[in-house]
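See structure below.
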Amino acid sequence: MTIIETEASSATVALAAKAHGVEPDQIAKTICLKAGDAILLVVTAGTKRLDNRKFRDHFGTKPRMLGADEVVAVTSHPVGGVCPFGLPSPLPVFCDISLRDYLEVVPAAGATNAAVRISPHVMAELTKAEWVDVCQ
């Protein structure tokens, strides 16, 4: 897997899609959340939003977004550069089924101008992710 670095920022879905020449939903957005006492990562298609009810039904609690400083402390990646691998310590990873529509997705790779191209199924295997349906 090769890390792709862009000169332009790819910190937002729109910027990342433009920088990598893909549809916005091919950007695999990694969200760092707290569910009760657990910190976890949810990877979704770029324009999808978490559905609080679906999340609560699956995890038994509502999601709470971590602040930017907390995200860096937990993942070592800045917001806009968070990816589900290369973490300082293991976190549970969940891939939303919205990613299954694509042969290739583009998650960030630890910086706001770095990414990789990968099959969503390979990404799920590498991160030992569970597939979930938690988006609108």
Side-chain angles (χ1 to χ4, degrees):
M1 183 171 15
T2 302
I3 295 177
I4 305 159
E5 290 188 62
T6 59
E7 291 204 16
S9 172
S10 53
T12 67
V13 170
L15 289 172
K18 185 176 179 183
H20 297 288
V22 297
E23 294 178 40
D25 271 346
Q26 282 182 271
I27 300 303
K29 178 173 61 177
T30 304
I31 307 166
C32 191
L33 301 164
K34 198 161 194 184
D37 291 332
I39 295 176
L40 53 93
L41 299 177
V42 176
V43 188
T44 73
T47 64
K48 302 300 184 218
R49 296 178 53 94
L50 281 179
D51 182 303
N52 286 333
R53 182 181 195 122
K54 285 182 176 181
F55 188 96
R56 187 173 46 252
D57 288 349
H58 185 85
F59 293 99
T61 186
K62 70 180 201 175
R64 184 179 73 77
M65 301 283 279
L66 270 63
D69 290 342
E70 292 174 293
V71 170
V72 171
V74 171
T75 67
S76 75
H77 306 146
V79 171
V82 177
C83 64
F85 30 80
L87 302 168
S89 57
L91 287 174
V93 177
F94 299 86
C95 288
D96 186 74
I97 61 171
S98 59
L99 295 169
R100 287 184 174 167
D101 293 340
Y102 301 96
L103 295 176
E104 183 177 71
V105 294
V106 184
T112 58
N113 68 333
V116 295
R117 289 178 178 266
I118 190 169
S119 152
H121 300 285
V122 170
M123 180 176 64
E125 285 177 35
L126 288 174
T127 61
K128 297 177 177 48
E130 177 184 329
W131 287 99
V132 293
D133 180 6
V134 293
C135 286
Q136 297 173 351

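Just so you know, residue 1 is the first one in the sequence shown, and it goes up from there.
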field: Leu99 and Trp131, any side-chain heavy atoms less than 4.5 Å apart
entry: yes
field: Shortest non-hydrogen separation from Glu104 to Arg117 and the atoms involved
entry: OE1-NH1, 3.0 Å
task: Give a yes or no on whether Val13 and Leu15 share a hydrophobic cluster (residues Ile, Leu, Val, Met, Phe, Trp, Tyr; joining criterion: side-chain heavy atoms under 4.5 Å apart).
output: no
Taking every non-hydrogen atom, the tightest pair across Pro107 and Ile118: CD-CG2, 3.8 Å
query: Is there a chain of hydrophobic side chains (I, L, V, M, F, W, Y, each step under 4.5 Å between heavy atoms) that links Val82 to Met65?
result: no
- prompt: Of all heavy-atom pairs between Tyr102 and Pro120, which one has the smallest distance, and what is that distance?
  reply: O-CG, 3.2 Å
field: Side-chain touch Leu33/Phe59, heavy atoms, less than 4.5 angstrom
entry: no
- prompt: Do Thr75 and Cys32 come within less than 4.5 Å of each other through their side chains, counting heavy atoms only?
  reply: yes
query: For the hydrophobic clusters of this structure (ILVMFWY residues joined by side-chain heavy atoms under 4.5 Å, transitively), does one cluster hold both Leu126 and Val132?
result: no
query: Is Val79 reachable from Val42 through a run of hydrophobic residues whose side-chain heavy atoms are each under 4.5 Å from the next?
result: no
query: Does CZ in Arg100 sit with more than 12 non-hydrogen atoms of other residues, nucleotides or ligands closer than 6.0 Å?
result: yes
message: Minimum heavy-atom separation for Gly46 and Lys29, please, with both atom names.
response: O-NZ, 3.1 Å
- prompt: Does some side-chain heavy atom of Val71 sit less than 4.5 Å from a side-chain heavy atom of Pro78?
  reply: no
message: For residues 51-69, which residue pairs pass the side chain to side chain donor-acceptor pair (under 3.5 Å) check, not counting sequence neighbours?
response: Lys54-Asp133, His58-Glu130
side-chain contact (heavy atoms from CB on, under 4.5 Å) assessment of Asp25 paired with Asp101: CA-CA 9 Å; Asp25 271 346; Asp101 293 340; over 6 Å; no
field: Atom pair CD1 (Ile27) and OG1 (Thr12), whose distance is rounded to the nearest 0.5 Å
entry: 9.0 Å
- prompt: Does the side chain of His77 reach to within under 4.5 Å of the side chain of Thr30, using non-hydrogen atoms?
  reply: no
statement: Shortest non-hydrogen pair, Cys83 vs Phe85, comes out as SG-O, 2.9 Å
message: In the structure I gave you, are the side-chain heavy atoms of Val105 and Val43 within less than 4.5 Å of one another anywhere?
response: no
- request: To the nearest 0.5 Å, tell me how far Gln26 CD sits from Thr47 OG1.
  value: 11.5 Å
message: Between Ser98 and Ala45 (side chain of the first, backbone of the second, donor and acceptor by atom type, cut-off under 3.5 Å), is there such a pair?
response: yes
- prompt: Mind checking whether Ile4 and Val116 have side chains closer than 4.5 Å, heavy atoms only?
  reply: no
message: I want to check something: taking the side chain as every heavy atom from C-beta on, are Thr6 and Asn113 in contact at a cut-off of under 4.5 Å?
response: yes
message: Same cluster or not: Leu40 versus Val93, using hydrophobic residues (I, L, V, M, F, W, Y) connected whenever any side-chain heavy atoms lie under 4.5 Å apart?
response: no
field: Step-by-step side-chain contact (heavy atoms from CB on, under 4.5 Å) determination, Leu41 to Thr127
entry: CA-CA 10 Å; Leu41 299 177; Thr127 61; over 6 Å; no
